[in-house]
Amino acid sequence: EAGVAQSPRYKIIEKRQSVAFWCNPISGHATLYWYQQILGQGPKLLIQFQNNGVVDDSQLPKDRFSAERLKGVDSTLKIQPAKLEDSAVYLCASGEATGSEAFFGQGTRLTVV
Amino acid sequence: AQSVAQPEDQVNVAEGNPLTVKCTYSVSGNPYLFWYVQYPNRGLQFLLKYITGDNLVKGSYGFEAEFNKSQTSFHLKKPSALVSDSALYFCAVRDASGTYKYIFGTGTRLKVLA
């Protein structure tokens with residue numbers, strides 16, 4: 001079974017530039033998550049989708065971050081404009097609709113300089 | 001509010017000794033509880049989960065965890081540690097009602113010494 005695919009693996013941008021990350025979840029998984037993991041910290045939930053609807057985005061900095069999940073499958077997370085403090089690993093995960101474990105991609109390491 | 005705490009930043013244990021990594025949680029409803037492991041430059045790998053039933057759950061690589069409702073804890077254990085178990089361990093909780101929001105702890109670094 002294919003896992004969660006994320007791209008790119010690494011990205012370096014200058015502050016105030018924009019960047020986008022892509023995620024392809026495991027086939028059939030209704031729930032999709034985006035997490036931000038800053039070095040030395042636990043993953044912080046940014047947004048949770050159920051199919052193509054947003055279930056929770058309470059910790060998403062909406063003035064600069066946006067996310068969408070078209071047709072309930074792939075998802076993109078965008079940052080515009082980026083700040084230095086956005087440097088982190090962005091993890092995408094997917095899971096079944098009810099209380100099951102989430103499966104994680106390898107993440108995108110973003111460095112803002 | 002839903003939360004999970006891992007009180008130890010780091011746990012050191014000698015190879016062959018038993019290990020425990022602690023986790024406590026807070027949810028309004030019944031919890032779904034999970035442990036994940038993260039190796040350097042890798043994503044999170046699922047180890048085990050508690051949904052319902054037996055309080056002692058067994059998972060991958062010889063790990064197990066005990067759900068204690070009265071103490072709101074879900075500690076990760078292994079009878080005999082291996083050097084290869086050295087990694088970052090995360091506890092996570094989902095509230096089994098509403099949004100099933102998935103919240104992670106801050107992580108505990110396990111170091112197994114040869």
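Proteins come first, then strands; the chains are lettered A, B, ... in the order of their sequence lines, and each starts at number 1.
In terms of hydrophobic clustering, with Ile, Leu, Val, Met, Phe, Trp and Tyr side chains grouped at heavy-atom distances under 4.5 Å, L45(A) and W34(A) are assigned to different clusters. Linking Ile, Leu, Val, Met, Phe, Trp and Tyr whenever their side-chain heavy atoms come within less than 4.5 Å leaves F34(B) and V57(B) in two separate clusters. Under the 4.5 Å side-chain heavy-atom criterion for Ile, Leu, Val, Met, Phe, Trp and Tyr, Y35(A) and L77(A) are members of distinct hydrophobic clusters.
Minimum interatomic distance between G42(A) and F90(B) (heavy atoms only, all atoms of both residues): CA-CE2, 3.3 Å. Taking each heavy atom of P43(A) and G105(B) in turn, the nearest pair found is CD-O, 4.4 Å.
The aromatic rings of F103(A) and F46(B) sit tilted relative to each other, their planes meeting at an angle between 30° and 60°.
With hydrogens and angles disregarded, a donor-acceptor distance shorter than 3.5 Å links the side chain of Y36(B) to the backbone of A102(A). Between the R94(B) side chain and the E101(A) main chain, no donor and acceptor come within less than 3.5 Å of each other.
Heavy atoms from other residues, nucleotides or ligands lying under 6.0 Å from NZ of K62(A) number more than 12. Within a 6.0 Å radius of CD1 in I12(A), other residues, nucleotides and ligands contribute 12 heavy atoms or fewer. Counted within 6.0 Å of OH on Y61(B), heavy atoms from surrounding residues, nucleotides or ligands total 12 or fewer; the atom is thus considered open. More than 12 heavy-atom neighbours from other residues, nucleotides or ligands sit within 6.0 angstrom of CG on L84(A).
In this structure, CG in L91(A) is found 7.0 Å from CD in Q38(B), a value given to the nearest 0.5 Å. Interatomic distance, CD of Q41(A) versus CG of L88(B), reported as 11.5 Å (0.5 Å rounding).
Of the atoms belonging to Q6(B), not a single heavy atom falls under 4.5 Å from chain A. Of the atoms belonging to Q37(A), it is side-chain heavy atoms, and not backbone ones, that fall under 4.5 Å from chain B.
Residues Q45(B) and F104(A) are not in side-chain contact: their nearest non-hydrogen atoms beyond the backbone lie 4.5 Å or more apart.
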